[in-house]
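A short worksheet on the structure shown next.
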Amino acid sequence: MALQVLGITLSMIGFAGTIIICALPMWKVTAFIGTNIVVAQVFWEGLWMTCVYERIGQMQCKLYDALLDLDPSLQAARGLIVTTMALDCLAFLIFLVGADCTNCLSNPRAKARIVVVSGITFMLSALTAVVPVSWTADSIIRDFHNPIVHEALKREMGAALYAGWVTAGFLFVGGAVLCTSCPPERHNYSPRYTVSKTDTHSGYAIKNYV
């Protein structure tokens, strides 16, 4: 029971983190290099919108106009993050069926196996979360060190990427804890005795004795 509570708590923290990184526009931020050390505006780019933060304290955000005009990597990141949230919801529902604190099933062995399935689903969601975050980070690093890309177009990794790696870690560890909460199977052997038809000492049949 304690392992299940720990596992689902870590997984739910990861689920909340997935929602946060999906909503935050801070996947890419303006890089302060070269002649752009002092700028009047800071650009933030996320999965769904782009924001402009001005030094006077005002911030304006705008949703992306058209889906087909977006970069393919951004579209893939959107799909994977949404898939992560869907897998988290599915894993939580599966956990409720097999948790020790619920009465959906009466067979303890079946409930434990369902919890393991929930843990595997959480670990799979960790994979779908870390892929777009790492992919975006790799793209930012390559463009940053690419001399062809203009300095004004170079970006740095935003806070959402770091939160994404932490989120994936929570999901993976929480799923792993749920997988280890299933106790090992125990085989109960009952000894069976057979009555011998003959006396082992004399070799005569037992029925000859009264």
Side-chain angles (χ1 to χ4, degrees), residues 10-89 91 119-177:
L10 295 176
S11 301
M12 287 297 98
I13 294 175
F15 179 43
T18 305
I19 298 175
I20 292 174
I21 65 173
C22 181
L24 280 179
M26 300 174 64
W27 283 59
K28 300 179 181 180
V29 297
T30 302
F32 299 97
I33 56 176
T35 58
N36 297 324
I37 297 179
V38 180
V39 293
Q41 295 178 334
V42 178
F43 292 92
W44 295 347
E45 298 177 18
L47 296 180
W48 310 98
M49 66 182 68
T50 178
C51 297
V52 179
Y53 178 79
E54 299 181 357
R55 296 183 62 185
I56 58 177
Q58 295 182 352
M59 184 175 66
Q60 298 179 352
C61 296
K62 178 183 178 182
L63 296 174
Y64 293 118
D65 296 329
L67 178 63
L68 298 179
D69 291 337
L70 298 178
D71 187 79
S73 61
L74 180 59
Q75 298 183 25
R78 277 184 174 186
L80 288 173
I81 292 298
V82 172
T83 302
T84 300
M85 293 189 293
L87 288 175
D88 290 338
C89 293
I120 294 174
T121 307
F122 274 120
M123 295 174 69
L124 181 61
S125 69
L127 178 62
T128 58
V130 75
V131 167
V133 173
S134 301
W135 189 359
T136 304
D138 179 72
S139 176
I140 294 174
I141 294 173
R142 284 189 287 104
D143 291 342
F144 188 86
H145 295 287
N146 189 355
I148 301 178
V149 179
H150 193 269
E151 292 180 352
L153 299 178
K154 292 184 179 181
R155 297 291 183 262
E156 290 183 353
M157 294 184 293
L161 297 183
Y162 298 100
W165 282 314
V166 175
T167 294
F170 273 110
L171 290 173
F172 186 84
V173 174
V177 172

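Residues take their numbers from the sequence shown, with the count starting at 1. Computed over heavy atoms, backbone and side chain alike; hydrogens, waters and symmetry mates excluded.
Separating the CG atom in Leu80 from the OG atom in Ser73 is a distance of 11.0 Å, to the nearest 0.5 Å. Distance check, rounded to the nearest 0.5 Å: CG of Leu87 to CG of Leu127 gives 10.0 Å. Atom CD1 of Ile19 is separated from atom OG1 of Thr84 by 11.5 Å, given to the nearest 0.5 angstrom. Interatomic distance, CZ of Arg142 versus CG of Asp138, reported as 4.5 Å (0.5 Å rounding). Atom CG in Leu74 sits 10.0 Å away from atom CH2 in Trp135 (nearest 0.5 Å).
Scanning both residues, Leu10 and Gly174, for their nearest heavy atoms gives CB-CA, 3.8 Å. Taking each heavy atom of Ala160 and Leu24 in turn, the nearest pair found is CB-CB, 4.2 Å. Between Ala137 and Met157, the shortest heavy-atom distance links the atoms CB-SD, 3.5 Å. Contact detail for Thr18 and Met85: the closest heavy-atom pair is CG2-CG, 3.4 Å. Scanning all heavy atoms of the two residues, the minimum distance from Cys61 to Met49 falls at CB-SD, 3.9 Å. Closest non-hydrogen pair, Met12 versus Phe122, comes out as CE-CZ, 3.8 Å.
The side-chain heavy atoms of Trp48 and Arg78, taken from C-beta on, include a pair separated by under 4.5 Å. You'll find the side chain of Ile20 stays beyond 4.5 Å of the side chain of Thr167, heavy atoms only. Two residues are said to be in side-chain contact when any heavy atoms from C-beta on lie closer than 4.5 Å; Leu161 and Ile140 meet this criterion. Residues Val133 and Trp27 have side chains in contact (heavy-atom distance under 4.5 Å, counting atoms from C-beta outward). Looking at Lys28 and Thr136, their side chains come closer than 4.5 Å, going by heavy atoms from C-beta outward. Looking at heavy atoms from C-beta onward, Glu45 lies in side-chain contact with Tyr64 at the 4.5 angstrom threshold.
Judged by distance alone, with hydrogens and angles left aside, the side-chain atoms of Thr121 form no donor-acceptor pair with the main-chain N or O of Asp88 at under 3.5 Å.
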